[in-house]
Amino acid sequence: MTQNSSIGHGDNVFIDGQDLWSDLMETARFGGTPRGGIRRLTLTAEDRQVRDWFVRTCEELGCTVTHDSMGNQFARRAGQDDSLPPITIGSHLDTQPTGGKFDGILGVLGGLAVLRALYRAGYVTRHPIELINWTNEEGSRFTPPMMCSGVFAGVFTEQEVLDKRDRAGLRFGDELEAIGYRGSEPCGQHPVTAYFELHIEQGPILEAEEKTIGIVTGVQGARWYEVTVKGKDAHAGSTPMPMRHDALLAAARMIEAVSTVALSHAPTAVGTVGLIENRPNSNNVVPGEVFFTIDVRDPDDAVVQQMEAQLYDLLPQIAERSGVALEIVRIWDAPAVHFDPVCIGMVEAAAQESGYGARRIVSGPGHDAAYMARITPTAMIFVPCLDGLSHNEAESITEKDAEAGASILLKAVLKADAVFNNA
Ligand SMILES: [Zn+2]
């Protein structure tokens, strides 16, 4: 047990940072890539391996492990009053095709470190504690992301998710059966008291400010659009400049406008064009059609709405000036998520008591916690990752920060245990 991680609550309940790190390295073998990352797409053989490991390891710590109809796994440690709905901790063990060792995994194995700390100290919480491994958070093999916490929170129906297909045409429900993790408990029929999620930041802010803990207050609002610009294919040698209808040139001006719009709401707003298709994409043809996507986000829904209004104003002007036709379709609208002030306060107090450098932060990416926040008091804890890098095989964190994050998770859970359902 490391000595520098002492936790005041429950007398002698400690996170063992070395054991947490060795769990991270051990499970990284399931789908491990030569470049040090993990390829562990949901409902594959590698996913089954890490799930089996999760069951074994949690059972060794005295937990009962079950899974529901979406394959979400629950490792339950009994409480003094086992009739209380559990305080839950969760994240995901699936990864992107070239994912890192920590995105999601730190949250589950950090939760496992909490269970281990309680087990070793012989400390029985008032509430049962449950550690959740959510199925298909990444949305890489089957879209959308956060699929099964979404079913749990009533955002998607079970049937629509079971019928999703991957790019090879394989059906989610069949693949879940095939790895042996389709349970009988209907997803969502599982009352909870509160939910905490530890995650790497996946951005550069904590590292830049040399903070160890991010007290996550919510997830920013996001909207996605698909844009089609239609001009006219023409010969690059013989079509005079004033007579062109160059879809790519118009798109370039629009991409610049997306950036300008986001910068007009600095420093919080972001705007991104990350996907573009140019047709016919030939070196001596004036491009006749371009398709691209826009992703805009801000913690404040009103700002997201303003950015949309600006784009719907500016892009048609650019189209007209460029002699092209324009079609914009909004394909996704995720309102900002605001976590529970009481749970946020527990994370903040835990960070203060522990003496870690901490700051409040809004999550850029979505997380399972965003859906859990719809049905239960929820908060998240971030720890820094090297260069803000994520969804990348080079994703990296320090052992010390992993331990710090799990320690704050433990403290927050113990605070929640003391405060919630108090007669
Ligand atoms: Zn994640």
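Order of appearance sets the numbers: ligands from 1, and atoms from 1 within every ligand.
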*To the nearest 10 degrees, could you say what angle the Zn ion (ligand 1) makes with OD1 of Asp103 and NE2 of His92?*
100°

*Backbone or side chain, does Glu137 get an N/O/S atom under 2.8 Å to the Zn ion (ligand 1)?*
no

*asked:* Between Glu348 and Arg360, does any NZ, NE, NH1 or NH2 come within less than 4.0 Å of an OD or OE carboxylate oxygen?
replied: yes

*Judged by atom type as modelled, is there a donor-acceptor pair below 3.5 Å linking the side chain of Tyr181 to the main-chain atoms of His67?*
no

*Are any N, O or S atoms from His199 nearer to the Zn ion (ligand 1) than 2.8 Å?*
yes

*Would you confirm whether Asp387, through its side chain, and Leu389, through its main-chain N or O, come within 3.5 Å as a donor-acceptor pair?*
no

*Salt-bridge test for Asp23 and Arg116: reply yes if a basic N is under 4.0 Å from a carboxylate O, no otherwise.*
yes

